[in-house]
**Student:** 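Below is one structure. I have some questions about it.
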Amino acid sequence: MAVSSCARVLPSFQCRSDPDFAGSLPKSEIPISGSDRFSSKGSFVGRGLTLSCLQSSLILRFPPNFVRQLSTKARRNCSNIGVAQIVAASWSNDKLPDYTSASAAKAVDAAAAGSVIAPVEVPTGVEVPTGVEADPVVKSGGVVDGNVQLDDLAATKYSSFLKSDGSIAIHAGERLGRGIVTDAITTPVVNTSAYFFDKTSQLIDFKEKRKVSFEYGRYGNPTTAVLEEKISALEGAETTLMLASGMCASTVLLMALVPAGGHIVTTTDCYRKTRVFIETVLPKMGITATVIDPADIGALESVLKEREVHLFFTESPTNPFLRCVDIELVSKLCHERGTLVCIDGTFATPLNQKALALGADIVIHSATKYIAGHNDVIAGCISGPEKVISVIRTLHHIMGGALNPNAAYLIIRGMKTLHLRVQQQNSTASRMAEILEGHPKVRRVYYPGLKSHPEHTLAKKQMTGFGGVVSFEVDGDLLTTAKFIDALKIPYIAPSFGGCESIVDQPAIMSYWDLCQADRAKYGILDNLVRFSFGVEVFEDIKNDILQALETI
């Protein structure tokens, strides 16, 4: 996987006395050991660094490029910042003054020697628009010239000791190395808008692809790179690109992969804002679309034969009726005609469905939903082969919808419980769908796990779980449905889904209120439709709440 990050072998550190204290204090050197993190006297020993400790007011001493950026007061407090935050900075490692003793320097060199630094190469065969540079690939060990050490995450075989998606969601991108040298269990947040070069020659090396760097915050971030690797591991993708929102992911992808005057095929049931973009914005670029039913394979075959189709773009399951597309068959038909296939798997999650393994070229998610899982962050992601994603990444760098590193951290943290949350949500949704289908005050239930669902057999074939969202129509009109929703005590009335808290909404009001009733009906959005996203509450509590609310209508 291509990783556009910079890496440095960590320079050695030395504790020194506060400059306000006079005199020289004796110091004791501590040899580096991978197992002995702390000496018997309580001195810290990190992997690949040496700390020579004093007996008085101690703070860390840094290389000059970093020291110059700190006030005296800040330097005194650096010991409280935490090694993880300190080493996330990009420092000079060239011709540093001799801050450490000879033996300490040798120890650092010996530790650094354990990570062989390999040159950076640009993958061959990647088609990139004229005037745009492709993101380089980092090979084994790290990066030339050392900026924060970067292991070869793409070649890491987590499958050798992680046998389940749940474990991969926790450890991928972190357990076997990440682009930040730290002994911290959690991935540090690197809050920076730019990355510096020590001298002009390094900048030239970067421009001529002999050196790797993020260069600017819009082009990447070490924290975000960990998240991208984690999602790639779950999806079985060569690479992943994180963006500021799910809609940002969809729009940038469509503009990058479909040329002016091109044609796409999409499906009737989908997120409304995606439909609006396809119907109102893409035509300004001369891009047209054919809209088919998710299960209408004949219609797809016809349009593929009649004209050149650049992209088949759909959700599976769809929003809000949870229709399913035969990803394997659609991919086969499209690939025979040279058409790319993109599946929005937001409702499925990477745990319930592997779109790439089924034949799709690209899978995207609104990471805001299940992947982050806590209703506290907005993000989108695109996963697939490097050759395709690099083209999207190029436009993304121009458009500027970069993900904030703090948001990346929240998603990494949220993914630690992804498998637990999805298991609970799958179970609750499945059980409640059956209860609702048999309830006299519910007219119809939409859920892939039900035999009544039009694509139930297909869903069983390509999904391992049916998701945590159930849509259903209550027996009543707009106001009756609103009365039911208002009687619920647990779920929040809100947009979005996939979080720990249950969320409910009435699409006719929440998403389509600007349309008249007749226009809403054209999209199948009836006044009595309810979309219920189940959180991780105890099943009995949520069941009792829904049943009591139904009794009020």
**Student:** Salt bridge check: are K207 and E215 linked by an N-O gap of less than 4.0 Å?
**Tutor:** yes
**Student:** Any sub-3.5 Å donor-acceptor pair from R520's side-chain atoms to L515's backbone N or O?
**Tutor:** yes
**Student:** For Y409, give me all partners under ring pair (Phe, Tyr, Trp, His ring centres under 6.0 Å), at least two apart in sequence or on another chain.
**Tutor:** none
**Student:** List in chain and number order the residues that pass side-chain contact (heavy atoms from CB on, under 4.5 Å) with C270, two or more places apart in sequence or in another chain; answer none if no residue qualifies.
**Tutor:** R275, E315
**Student:** Which residues pass the salt bridge (charged side-chain N to carboxylate O under 4.0 Å, His left out) test with K522, not counting sequence neighbours?
**Tutor:** D519
**Student:** Between R444 and S452, is there a side-chain donor-acceptor contact under 3.5 Å, judged purely by atom types and distance?
**Tutor:** no
**Student:** Decide, yes or no, whether a salt bridge links K305 with E301 under the criterion of side-chain N to carboxylate O below 4.0 Å.
**Tutor:** no
**Student:** For P405, run the side-chain contact (heavy atoms from CB on, under 4.5 Å) check against V190, T187, N191 and tell me which one passes.
**Tutor:** N191
**Student:** From I392 CD1 over to I382 CD1, what is the distance, rounded to the nearest 0.5 angstrom?
**Tutor:** 4.5 Å
**Student:** Using atom types as modelled and distance alone, determine if a side-chain donor or acceptor of S383 lies under 3.5 Å from a backbone N or O of T240.
**Tutor:** no
**Student:** Are more than 12 heavy atoms from other residues, nucleotides or ligands located less than 6.0 Å from atom CZ of R175?
**Tutor:** no
**Student:** Centre-to-centre under 6.0 Å for F197 and F206, is that the case here?
**Tutor:** yes
**Student:** Rounded to the nearest 0.5 Å, what's the gap from CG on L322 to OH on Y447? Could you check?
**Tutor:** 8.5 Å
**Student:** Quick check: are there more than 12 heavy atoms from other residues, nucleotides or ligands sitting under 6.0 Å from CD of E473?
**Tutor:** yes
**Student:** Among residues two or more places apart or on two chains, list those pairs meeting ring-ring contact (aromatic ring centres under 6.0 Å, His included) that have a residue in residues 284-321.
**Tutor:** F321-Y446
**Student:** Closer than 3.5 angstrom, by distance alone: can the side chain of S502 be matched with the main-chain N or O of G535 as a donor-acceptor pair?
**Tutor:** yes
**Student:** Tell me, which pairs form a side-chain hydrogen bond (donor to acceptor under 3.5 Å, both in side chains) where one or both residues lie in residues 455-469, sequence neighbours left out?
**Tutor:** R323-E455
**Student:** Apply side-chain contact (heavy atoms from CB on, under 4.5 Å) to L488 and list each qualifying residue two or more places apart in sequence or on a separate chain.
**Tutor:** F484, P491, V504, F532, D545, I546, A549
**Student:** Give a yes or no on this: more than 12 heavy atoms of other residues, nucleotides or ligands lie within 6.0 Å of atom CZ of F277.
**Tutor:** yes
**Student:** Answer yes or no: are there more than 12 heavy-atom neighbours, outside M399 itself, under 6.0 Å from its atom CE?
**Tutor:** no
**Student:** List the residues meeting side-chain contact (heavy atoms from CB on, under 4.5 Å) with H335, not counting sequence neighbours, and say none if there are none.
**Tutor:** S331, V341, D361
**Student:** Checking side-chain contact (heavy atoms from CB on, under 4.5 Å) between C342 and each of I364, V388, I264, L257, which is the one that passes?
**Tutor:** I364
**Student:** Could you check whether atom CG of L410 has more than 12 heavy atoms from other residues, nucleotides or ligands sitting under 6.0 Å from it?
**Tutor:** yes
**Student:** Backbone N or O of C248 within a donor-acceptor pair of the S245 side chain at under 3.5 Å?
**Tutor:** yes
**Student:** In chain order, what residues pass the salt bridge (charged side-chain N to carboxylate O under 4.0 Å, His left out) check against D326, with sequence neighbours excluded?
**Tutor:** none
**Student:** Is the shortest side-chain N to carboxylate O distance from K211 to D205 below 4.0 Å?
**Tutor:** no
**Student:** Would you compute the distance between atom OH of Y512 and atom CD1 of I525 and round it to the nearest 0.5 angstrom?
**Tutor:** 4.5 Å
**Student:** If you look only at pairs with a residue in residues 348-388, which of them pass as a ring-ring contact (aromatic ring centres under 6.0 Å, His included), with sequence neighbours excluded?
**Tutor:** Y370-F497
**Student:** Could you go through residues 279-292 and list every donor-acceptor pair under 3.5 Å that involves a side-chain atom there, pairing it with any protein atom two or more places apart or in another chain?
**Tutor:**
from	atom 1	to	atom 2	distance (Å)
T280	OG1	V276	O	2.5
T288	OG1	H263	ND1	2.6
T290	OG1	H263	NE2	2.7

**Student:** Test your reading of the model: is there a side-chain donor-acceptor pair from K369 to the backbone of T346, 3.5 Å cut-off?
**Tutor:** no
**Student:** Could you pull out all residues at least two apart from A408 that satisfy side-chain contact (heavy atoms from CB on, under 4.5 Å)?
**Tutor:** T223, T224, L227, L403
**Student:** Just to verify, what does R531 make a salt bridge (charged side-chain N to carboxylate O under 4.0 Å, His left out) with, not counting sequence neighbours?
**Tutor:** D505
**Student:** Roughly how far, to the nearest 0.5 Å, is OG of S232 from CD of E386?
**Tutor:** 9.5 Å
**Student:** For L234, is there any backbone N or O sitting under 3.5 Å from a side-chain donor or acceptor partner on K354?
**Tutor:** yes
**Student:** Under a 4.0 Å N-O cut-off, is there an ion pair linking E437 with R443?
**Tutor:** no
**Student:** Look at the side chain of S390 and the backbone N and O of K387, then say whether any donor-acceptor pair between them is shorter than 3.5 Å.
**Tutor:** yes
